[in-house]
Amino acid sequence: MGSTADTPQTGRGGSIPAYRYNASLAAGIEQKWQDHWEQDRTFEAPNTAGPLADPAVVAGREKLFILDMFPYPSGSGLHVGHPLGYIATDVFGRFKRMTGKNVLHAIGYDSFGLPAEQHAIVTGIHPRINTESNIANMRRQLRRLGLAHDERRSISTTDESYYRWTQWIFLQIFNSWYDDRLKKARNITELEKEFESGMRQPTTAQSAKKWKDLSKLEQRKILDDYRLVYLANAPVNWCPGLGTILANEEVTAEGRSDIGNYPVFKRNMRQWTMRITAYADRLLDDLDRLDWPESIKLMQRNWIGRSTGARVRFASAAGEIEVFTTRPDTLFGATFMVLSPEHQLVDALTTKSQQSAVEKYRESARKLNDNERQNDDRKKTGVDTGATATNPVTGQQIPIWIADYVLMGYGTGAIMAVPSGDERDFEFARAYKLPIVAIQMPPGEWFAIHDIAPSPDCASWPSAYVGEGRYINSSNKNISLDGKRSMSQAISLINSWLEKNEFGESAITYKLRNWLFSRQRYWGEPFPIVYDQDDMPHAVPDKLLPVKLPELTDFKPQALDPNDEKTDPLPPLARVTEWLSVELDLGDGKKTYRREVNVMPQWAGSCWYELRYLDPTNTEQFVDAEVERYWMGPKTAGHTGGVDLYVGGVEHAVLHLLYSRFWHKVLFDLGHVSSEEPFHKLFNQGYIQAFAYRDSRGQTVPANEVVEQNGDFIFEGESVAREYGKMGKSLKNIVTPDEMYDEFGADTFRLYEMSTGPLDASRPWNTRDVVGMQRFLQRTWRNLVDEETNKLHVSNDPAPLELRRALHRCIHGVHQDMENLRFNTAISKLIELNNALTMHVNATGSTPREIAVPLTQMLSPLCPHIAEELWQKLGVETPITYTTFPVADPKLLFSETIEIPVQINGKLRARLAAPADISDDELRALALADAKVIAALAGATPAKIVIVPKRLINFVL
RNA sequence: GCCCGAGUGGCGGAAUGGCAGACGCGACGGACUCAAAAUCCGUUGUCUGAAAGGGCGUGCGGGUUCGACUCCCGCCUCGGGCACCA
């Protein structure tokens, strides 16, 4: 613990001045002001209504809601990479407070879910105990950073008072269906009324019967199939290593779990599924209305993957086979069909003679995981089913094959193969000698590139032709595309033909799958769902929420071999027999029900936490409507509303950021929020990366013990190799904020993090470099405070004009930089001003007050503790947090004399000192009279003289 | 393979059509010190030159322009995302 702010420190050997700004003095100052802020409740942001309301303060101040992606409370606490975004939002929020905004900034903890649970399993400590102590540690670390957060609004997703509302929102989703006519979610009771009145017919299998003739149970089943969250028996990502299923978004491209890197298998299970696909169009289209980085929008667009095309039905002996194609215009070239090996019609289609071959192929396809199956390098394989289907436009019988390049999870799991117009189909047709018929004549250049003579005979083609081209071989007696050249025209012609003849219709498909929402784990929100004797799910009544997570001594998931894809999972909650069954009256008398034993995935709590920050103590509603409208409501007509600035890493591009948009849109449709989107502006901060070192055996060695010698890196006398990567335990290169607080102080640490580059760029951590920012603060301190006596040496003398100009240029630049989150350049401008001030202090012995006051104010968003201390010494009444950020005087932004570069043929040859208001003629005359210019021109007459008024002159010879 | 993003001193970076390298680190020289650390002052892209000065220089090759790190075309390298999506 350092000395307190007001007691002198004893320097080593007495040589260090007692009040030099160093880590020890900083520690005292920082603690003093952190305590002060807490007692003074400096950063509490008032609401417009409810218990946190303070209308007098709200009035006249524009709101600003800034948000960080909240952390997982992991056991190892924070390393220096974590706070990058938190510091940035804090600087921005503090700056905005000084421009008169009512700033809401808080931080909570995403404490349910796999990371916390995996950690608990490793340590053997109950996740609640673990989570709580981890949160306490992180709170301590974050408090030392001096973040201007409203502590009242800090929530944890594991709080019962929080997950009670997570469960409530789940039930809102459970009680809703998506009306594709109105394009919005509505209450399920309204669907029931529409069925009863005959306004709408169920589209499920039972729909042959009239609604009123169905049994209650049958009606229930139909309704359940419409819900936005429903139980589905469908292929899921089963990860035995984690003992749970995972969402598509949680599975890596290699077919392994995002967490733990265990193998993931596809298998059928009955699981809760969220109908996020109902929102695919809105999730896609509304991206255009968001102020997000284009790269993230693109990742979401790709993930949603909307393709427009047509569904086409082919008749076969086993019934109609439906395919999806983006190129219905190529239907005349469909010379065979390919079904996924898992397609439901394969058994019915396969002829006797092909049975064993088909069975063998399906078996081998089943053994490959998705990754192996989708490996590009693999040769296409497949087997003939022996059956045929009728091409609806040509009337021809075309063979039906199965092949693993057709995926069950996309489209209909079956394709029409057009080998002349699709690379994959071409390859397959060549491999199995299936017919290839050209339906478009490729342009001449195409043949030229492939060095073959133009010919509609595909036998000579080296590959399929994909693109626009004149249609050939594309007519029957009702329709002809022949001679057409436009793909879009051909598509619309064939689509209307398909619709008229009931062979198909235009259609849209998405890559986005519905969201697998249950996990066979312990550390998550229990579902507010019970089952009756018919195994039908029922909502737990609102007054019984939360459904508390039962305390378990054995919270571990069932231990399974990571490669055991067969064993059924047994969720830990299924072992709690006394909790499992419950007696309830759900409106038809007391009955015994069985509880849902799965828990929600880790993303549930983070889908709506920003809303709870707004109204964290509300026991009646998840958020008060008026409060939500104040902080999140649309600013103008057409504005989506949402958080004003959301800062976080890019890793959540298609997980958290997609799920929370989905939940938010459901809440919007149901009238619970006024904003259409949760996060209006998104900013992705970069990562702090670090060097790591390996010895000759390839072992990582502690990075902090490696020394650099003549460009070599030495650990314990041995040369080691340097690499560069994420900060982490395995690379032994973690640096913690605590080390930085001890060595330099929080203000220095904050400045260093902000100074090393633009916020969106990743950059390496270099502890060696941190001292630069400490020196800057030390010099600033020394410019205002006597290091020996701790007394201010600030004078009321006016500052010389040039220093005053430097101040105003600095104010102007810092203002703009802060506004645009360019803290690195803001800091360098402040250093420049301080360097100019240092020269003045060295010459005169004191700092003019007119410089000291605004300099301190400008520093305060970046390094608030030292700024508070200086502010107190300066004796200004208004708290620095709520003073007005300095405003530059435009008259002082320009000097009377300016320096103008002179170029000859674009090369710099001289610099001229000129009056700031010099005219072009005067500038030309001045330049031509300059000795260097005369020498450089060497008597030549310029062919042209380019003058940028008051900026530059260029002689062209 | 497709789609994004990025390449500037020894290092982090600044400049987004107009003086390339702001600011910081490091390095070098000096002051203080018995000495060191800390601190302070100065130098620091590179080649050439005693100096003044000059040549070269923003991944590579072209182009537009009086003028290009910046705009356009083609490539290379690195990072990220998607990947048999019909």
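Chain letters run A, B, ... following the sequence lines, proteins first, then strands; residues in each count from 1. All values reported here derive from a predicted model rather than from experimental measurement.
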Legend entry - Qualifying residues under side chain to side chain donor-acceptor pair (under 3.5 Å), relative to A:T767, sequence neighbours excluded: A:W765
Inset, instruction - Tell me, please, which residues at least two apart from A:N783 pass side chain to side chain donor-acceptor pair (under 3.5 Å). - result: A:N834, A:T838
Legend entry - A:E322 side chain reached by A:V312 side chain, heavy atoms, under 4.5 Å: no
Legend entry - Positions of residues 947-954 of chain A (non-hydrogen atom under 4.0 Å from RNA chain B), listed by number: A:V948, A:R951, A:L952, A:N954
Inset, instruction - Only pairs at least two apart or in different chains count here, so list each salt bridge (charged side-chain N to carboxylate O under 4.0 Å, His left out) that has a residue in residues 823-837 of chain A. - result: A:D817-A:K829
Inset, instruction - Scan residues 943-957 of chain A for pairs that pass salt bridge (charged side-chain N to carboxylate O under 4.0 Å, His left out), counting only residues two or more places apart or in two chains. - result: none
If you look at every strand shown and take non-hydrogen atoms under 4.0 Å, does [X] touch a base, only sugar-phosphate, or nothing?
X	result
A:S307	sugar-phosphate
A:E832	sugar-phosphate
A:V956	sugar-phosphate
A:N905	nothing
A:E899	base

In whole angstroms, how far is the [atom2] atom of [N] from the [atom1] atom of [X]?
X	N	atom1	atom2	result
A:Y510	B:C82	OH	P	21 Å
A:L287	B:C4	CG	P	16 Å
A:L512	B:C82	CG	P	14 Å

Quote, to the nearest angstrom, the [atom1] distance that separates [N] from [M].
N	M	atom1	value
B:C32	B:U46	P	30 Å
B:A52	B:G57	C1'	22 Å
B:C41	B:C23	P	14 Å
B:U64	B:U16	P	25 Å
B:C71	B:G18	P	11 Å
B:G74	B:A15	P	28 Å
B:U77	B:C69	P	24 Å
B:G26	B:G45	C1'	15 Å

Distances for protein N/O vs nucleotides 12-14 of chain B N/O pairs under 3.5 angstrom?
residue : atom : partner : partner atom : Å
B:G12   : O2'  : A:T756  : O            : 2.7
B:A14   : OP1  : A:N824  : ND2          : 2.9

Legend entry - Quiz item: cation-pi between A:K380 and A:Y405, 6.0 Å / 45°: yes
Legend entry - Residues A:R20, A:E788: salt bridge by 4.0 Å N-O rule: no
Legend entry - Presence of salt bridge, A:D769 and A:R763, under 4.0 angstrom: no
Inset, instruction - Using side chain to side chain contact (heavy atoms under 4.5 Å, CB included) as the criterion, point out the one residue from A:V770, A:V80, A:N766 that pairs with A:V735. - result: A:V80
Legend entry - Under 4.0 angstrom between A:Q903 side-chain N/O and B:C19 OP1 or OP2: no
Inset, instruction - Determine: side-chain N/O of A:R782 to OP1/OP2 of B:C40, distance under 4.0 Å, yes or no. - result: yes
Legend entry - Centroid-centroid under 6.0 Å between A:W401 and A:F336 rings: no
Legend entry - Sequence-aligned protein contact record of nucleotides 41-58 of chain B, with B where the base is within under 4.0 Å of a protein heavy atom and S where only the sugar-phosphate is: S-------------SS--
Legend entry - Side-chain (A:D425) to main-chain (A:S420) donor-acceptor, under 3.5 angstrom: no
Legend entry - Where RNA chain B forms stems, i.e. three or more consecutive Watson-Crick or G-U pairs with both distances under 3.5 Å: B:1-7 with B:76-82, B:10-12 with B:23-25, B:26-31 with B:39-44, B:45-48 with B:53-56, B:59-63 with B:71-75
Please name all residues satisfying side-chain contact (heavy atoms from CB on, under 4.5 Å) with [X], sequence neighbours left out, ordered by chain then number.
X	value
A:L912	A:V902, A:L923, A:L926, A:A927, A:D930
A:S295	A:P293
A:V251	A:N237, A:L246, A:V264

Which of the following nucleotides, [options], is nearest to the side chain of [X]?
X	options	result
A:V771	B:G26, B:G24, B:A20	B:G26
A:S295	B:G81, B:G26, B:C4	B:C4
A:P901	B:G24, B:C19, B:C66	B:C19

Legend entry - 5'-most by nearest nucleotide on RNA chain B - A:F324 or A:R775: A:R775
Legend entry - Listed partners of A:Y687 passing ring pair (Phe, Tyr, Trp, His ring centres under 6.0 Å), at least two apart: none
